[in-house]
Amino acid sequence: MVDSYQPLDHELALDRDCTTLSRHVFQQLQNFGPDAQDLSALMNRIALAGKLVARRLSRAGLMEGVLGFTGEVNVQGETVKKMDVYANEVFISVFKQSGLVCRLASEEMEKPYYIPENCPIGRYTLVYDPIDGSSNIDININVGSIFAIRQQQSEDLDGSASDLLQSGRQQIAAGYILYGPSTMLVYSIGKGVHAFTLDPSLGEFILSNENIQTPEHGPIYSVNEGNFWQWDEGIRDYIRYMHRHEGYTARYSGALVGDFHRILFQGGVFLYPGTVKKPEGKLRLLYESAPLAFLAEQAGGRASTGTHDILDVIPEKLHQRTPLIVGSREDVALVESFIQERSREQASVAVKA
Ligand code: FBP
């Protein structure tokens, strides 16, 4: 009679302490083939980037020249923070001499950066937002890094990265790093969403939450209501509904990663709608919205432009922006219903006119 062996508590704790990111990727893929080796190594390098950025942020207030602006303006037309530049370079540096990533595209660079020694063997492209929530950096409130891994589909000889202009369903993996009270890395390779917490004593990201599921509905709505008068009537109607109904509460940190992290675990919805002046909104599709949409769907939630799933949107340019509504299935559908209701009304008014 074979006894089913029950591991002792300390053995369980030890096993948990040994579940690092690179090991977890192998566990997910159930093989040690070349693709698994590459993806595990890729995630390990992203983890290193997260540790380097976390270390800099944790001591930023004590160091000269870490906080504040560079005086430059980036391709988005935004003033650049010194931490934006540092973090952008960190992600490039960790992939040098890796043979993994041939090309990196980020919010801080007009054109993709090529790592010649990795091309052509490096079959992957990393798209990333090195520091998300830049307005929070200098006042020590949480910020994040967002990333997605895509397959390099062509030689890209003209450097236009046109093969990157594919829907979010082409992402192989996606995730973010949250620099908060603790540093966490949340990722998915299409087999559920999992969170790791950086254990500073080990210098390792250790598995802390596996197979995260976003509740179907949540009480939180997260939006910058300061833009209320710039929104279409559909979004205004939704916010009026929130104000008039019990059971809802507003939370907005100014950093997409932090707001999304709360909703991933507790449910609810984050929205950054388009405005009358900027119908395409503020957030970027390739390296902000599509990676979080990948995670949201993997956790049982949804991500929408208001009329289409974010993961079905095919970008026309690298730094394309998109309205974003992401979170619990029911709450995203509720926002969409207000948008569609208003556009139906406007259509019927147009017909009568
Ligand atoms: P950055 O990546 O440049 O920081 O921009 C994105 C962002 O900061 C999001 O993290 C956040 O949700 C949003 O912009 C805040 O915008 P606003 O200040 O208009 O509410």
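Any value given below was found using the heavy atoms of this structure, including those in side chains, with hydrogens, waters and symmetry copies removed. Computed from a predicted model, the values in this text were never measured in an experiment. In each ligand, atom 1 is the first atom listed, and ligand 1 is the first ligand listed.
The Ile131 neighbourhood of ligand 1 comprises atoms 2 (O), with distances under 4.0 Å to a heavy atom of that residue. Each of the atoms 16 (O), 17 (P), 19 (O), 20 (O) of ligand 1 lies under 4.0 Å from some heavy atom of Tyr272. Less than 4.0 angstrom separates some heavy atom of Glu288 from each of these atoms of ligand 1: 2 (O), 5 (O), 6 (C). Atoms of ligand 1 lying under 4.0 Å from at least one heavy atom of Glu78, given by number and element, are 3 (O). If you number the atoms of ligand 1 from 1 as listed, the ones under 4.0 Å from a heavy atom of Glu107 come out as 1 (P), 2 (O), 3 (O). Close contacts of ligand 1 with Leu256, meaning ligand atoms under 4.0 Å from a residue heavy atom, involve 9 (C), 10 (O), 11 (C), 12 (O). Within the listing of ligand 1, atoms 12 (O) sit less than 4.0 angstrom from a heavy atom of Phe270. Heavy-atom contacts of Asp129 reach the following atoms of ligand 1: 2 (O) (cutoff under 4.0 Å).
When hydrogens are left out, the protein atom nearest atom 4 (O) of ligand 1 is Gly133 N, 2.7 Å; that is the closest non-hydrogen contact. Atom 14 (O) of ligand 1 has as its closest protein heavy atom Lys282 NZ, 2.9 Å.
Looking at Arg284 next to ligand 1, an N or O pair under 3.5 Å apart turns up. Polar contact check, Asp259 against ligand 1: no nitrogen or oxygen pair lies under 3.5 Å apart. Ligand 1 has a nitrogen or oxygen under 3.5 angstrom from a nitrogen or oxygen of Tyr252.
Checking side-chain atoms of Ser328 against main-chain N and O of Pro215 turns up a donor-acceptor pair under 3.5 Å. Checking side-chain atoms of Asn136 against main-chain N and O of Ser253 turns up a donor-acceptor pair under 3.5 Å. A donor-acceptor pair under 3.5 Å is formed between the side chain of Ser145 and the backbone N or O of Pro130.
The CG atom of Leu39 sits 5.5 Å away from atom CD1 of Ile189, with the distance rounded to the nearest 0.5 Å.
The closest approach between a heavy atom of Val257 and any atom of ligand 1 is not below 4.0 Å. Residue contacts with ligand 1 do not include Gln76, since none of its heavy atoms lies under 4.0 Å from the ligand. Note on ligand 1: Gly254 sits in its first shell, one or more heavy atoms being nearer than 4.0 Å.
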Legend entry - Evaluation steps, side chain to side chain contact (heavy atoms under 4.5 Å, CB included), between Ile339 and Asp232: CA-CA 8 Å; Ile339 294 170; Asp232 284 345; over 6 Å; no
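In this structure, the ring of His319 has its center less than 6.0 angstrom from the ring center of Tyr287.
Of the N and O atoms on the side chains of Glu225 and His243, at least one donor lies less than 3.5 Å from an acceptor on the other residue. For the 3.5 Å distance criterion, the side chains of Thr125 and Arg150 fail to qualify, holding no donor opposite an acceptor.
Classification of the His194-Tyr187 ring pair by plane angle, with boundaries at 30° and 60°, yields tilted.
When all heavy atoms of Lys82 and Val66 are compared, the pair lying nearest together is CB-O, 3.5 Å.
Salt bridge status for Arg251 with Asp259: absent, with no side-chain N to carboxylate O gap under 4.0 Å.
Looking at Asp132 against ligand 1, both its backbone and its side chain come within 4.0 Å, counting heavy atoms.
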